[in-house]
Amino acid sequence: AITTVENGARDVAALKLALHETAAGRPAFGMVVPGEDDAWILRLQSDLSRNMGRLEDAVRENMEATATAESGRHPELVHYARIAGENLRRHTERGRSIAQAYRTLDAAQAFANAVGIPKLEAEACIVRGHIALDQGDTKTATREAMRALGVASINDMRLRIAGALGFLG
């Protein structure tokens with residue numbers, strides 16, 4: 001039973017992890033890999049905290065997720081955590097230079113293309129689009145949303161398709 005919002009957020013994060021593992025063909029909650037699953041859970045908790053308006057918690061959880069991912073053996077988790085960090089900084093560091101954000105997103109997209117992780121590429125595109133929109137650059141924002149939509153459509157990623165369409169409005 002969910003007794004508090006925080007416990008509820010953790011329950012939802014665990015559920016999202018289970019769904020991710022099941023979709024990826026790994027048994028949900030079966031073979032837990034120390035550090036790797038922790039990075040996913042922390043990143044999901046950070047996303048949930050951000051969505052609930054708890055930005056300080058979200059920043060802390062994302063920093064923990066990034067550090068945990070960096071200590072693991074899966075570089076894609078590092079990129080997911082860094083993309084989430086850039087998305088979070090959109091909300092916490094208004095008026096900052098976007099050059100570092102774009103370098104982080106470029107690295108994630110290059111990695112995603114090199115190893116074939118379309119979900120990572122689509123996520124980077126959407127965050128880049130949001131950053132561009134925050135800067136008033138509607139042309140880049142639209143281009144990135146369309147790129148994410150294309151990647152999601154080609155790979156039959158229905159939730160990413162819905163997200164890209166939602167971003168396009």
Side-chain angles (χ1 to χ4, degrees), residues 9 12-13 15-17 19-25 39-67 69-70 74-169:
V12 171
L15 177 60
K16 286 177 94 175
L17 175 64
L19 292 173
H20 167 76
E21 289 177 342
T22 302
W40 271 109
I41 289 172
L42 286 165
R43 188 180 73 81
L44 293 170
Q45 283 178 214
S46 175
D47 289 348
L48 289 166
S49 292
R50 178 180 48 84
N51 290 334
M52 293 167 44
R54 296 184 346 216
L55 295 179
E56 289 180 15
D57 290 343
V59 169
R60 180 184 43 76
E61 290 161 351
N62 183 262
M63 288 171 53
E64 289 177 40
T66 303
E70 288 172 344
H74 291 274
E76 73 275 12
L77 297 180
V78 175
H79 288 291
Y80 278 115
R82 289 180 180 164
I83 290 170
E86 292 304 333
N87 192 33
L88 184 57
R89 278 186 274 288
R90 290 180 39 238
H91 302 284
T92 60
E93 299 176 17
R94 298 263 183 214
R96 71 184 179 96
S97 168
I98 59 171
Q100 178 59 44
Y102 280 175
R103 282 192 293 274
T104 298
L105 297 170
D106 287 344
Q109 286 177 308
F111 177 82
N113 287 325
V115 299
I117 306 176
K119 179 181 171 189
L120 181 64
E121 181 180 2
E123 191 163 330
C125 289
I126 289 295
V127 172
R128 183 187 303 270
H130 281 292
I131 291 170
L133 190 59
D134 292 344
Q135 302 292 317
D137 184 356
T138 57
K139 185 176 181 178
T140 299
T142 302
R143 184 183 70 235
E144 291 299 325
M146 294 299 293
R147 184 174 171 191
L149 182 59
V151 169
S153 296
I154 289 169
N155 292 285
D156 196 31
M157 297 185 299
R158 292 184 179 130
L159 291 176
R160 297 283 176 215
I161 292 170
L165 289 172
F167 181 62
L168 286 169

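Of the charged side-chain nitrogens involved, none lies within less than 4.0 Å of a carboxylate oxygen, so that Asp57 and Arg50 do not count as a salt-bridged pair. The residues Arg82 and Glu70 are annotated as salt-bridged, a charged nitrogen and a carboxylate oxygen being separated by less than 4.0 angstrom. In summary, Asp156 and Arg158 engage in a salt bridge, as defined by a charged side-chain N under 4.0 Å from a carboxylate O.
By the side-chain hydrogen bond (donor to acceptor under 3.5 Å, both in side chains) test, Thr92 pairs with no residue at all, sequence neighbours left out. In this view, Glu86 and Arg89, Arg96 satisfy the salt bridge (charged side-chain N to carboxylate O under 4.0 Å, His left out) rule, not counting sequence neighbours.
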Open item on the list: Does Gln109 form a side-chain contact (heavy atoms from CB on, under 4.5 Å) with Arg128? I'd like the steps, not just the answer.
Closed with: CA-CA 11 Å; Gln109 286 177 308; Arg128 183 187 303 270; 2.8 Å; yes
Open item on the list: Before you tell me yes or no, could you show the steps for Ser49 and Gln45 under side-chain hydrogen bond (donor to acceptor under 3.5 Å, both in side chains), namely the whole-Å CA-CA distance, both residues' side-chain angles and the distance that decides it to 0.1 Å?
Closed with: CA-CA 6 Å; Ser49 292; Gln45 283 178 214; over 6 Å; no
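For the pair Ile131 and Tyr102, the minimum side-chain heavy-atom distance is below 4.5 Å. Using a 4.5 Å heavy-atom threshold, the side chains of His130 and Glu144 count as separate. Put simply, the side chain of Ile117 reaches to within 4.5 Å of the side chain of Phe111, judged on heavy atoms. Arg60 places none of its side-chain heavy atoms less than 4.5 Å from the side chain of Asn62.
In the displayed structure, Met63 atom CE is contacted under 6.0 Å by at most 12 heavy atoms of other residues, nucleotides or ligands.
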